[in-house]
Amino acid sequence: MNVYTPILVLGALGAGFAVFSVVMASIVGPKRYNRAKLEAYECGIEPTPHAAGGGRFPIKYYLTAMLFIVFDIEIVFLYPWAVTFDALGLFGLVEMLLFVLTVFVAYAYVWRRGGLEWD
């Protein structure tokens, strides 16, 4: 348990600071509310009502999300490989080259299909 004591103390200090900051901001902060401050923020544009079932998202939104996940997963695999590069040797290098080549093929496919154009 002595090993975890500093971590627990640091977590308690962080949580205490967060709670203290929120409470003090609500006590000390200005309380000048008006209609504009109470509305939802829409980049300065008046909010428009949506359909009862919610608005439809364009397919570009989902493609961007999937691209982010693909390249985020690539980084998740590249970091531990870079840390243990010496221990893995040639086998690790070949495996990572195959992995990066696979991700590059996916990147080239998306680029060729126009998935990276934002207009």
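Numbering starts at 1 and runs along the sequence shown. FYI, side chains are in, hydrogens and waters are out, and symmetry mates aren't considered; it's all heavy atoms of this structure.
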Can you tell me how far [atom2] of [Y] sits from [atom1] of [X], rounded to the nearest 0.5 angstrom?
X: Leu90; Y: Leu97; atom1: CG; atom2: CG; value: 9.5 Å
X: Leu13; Y: Leu8; atom1: CG; atom2: CG; value: 11.0 Å
X: Phe68; Y: Ile73; atom1: CZ; atom2: CD1; value: 9.5 Å

>> If you compare all heavy atoms of Met96 against all heavy atoms of Phe77, which two are closest, and at what distance to 0.1 Å?
In response: CE-O, 3.7 Å
Is there a path from [X] to [Y] through hydrophobic residues (I, L, V, M, F, W, Y) whose side chains come within less than 4.5 Å of each other?
X: Trp111; Y: Ile69; value: yes
X: Tyr79; Y: Phe85; value: no
X: Val76; Y: Val100; value: no
X: Phe99; Y: Phe91; value: no
X: Val23; Y: Phe20; value: yes

>> Within the 4.5 Å heavy-atom criterion, are Leu88 and Leu93 side-chain neighbours or not?
In response: no
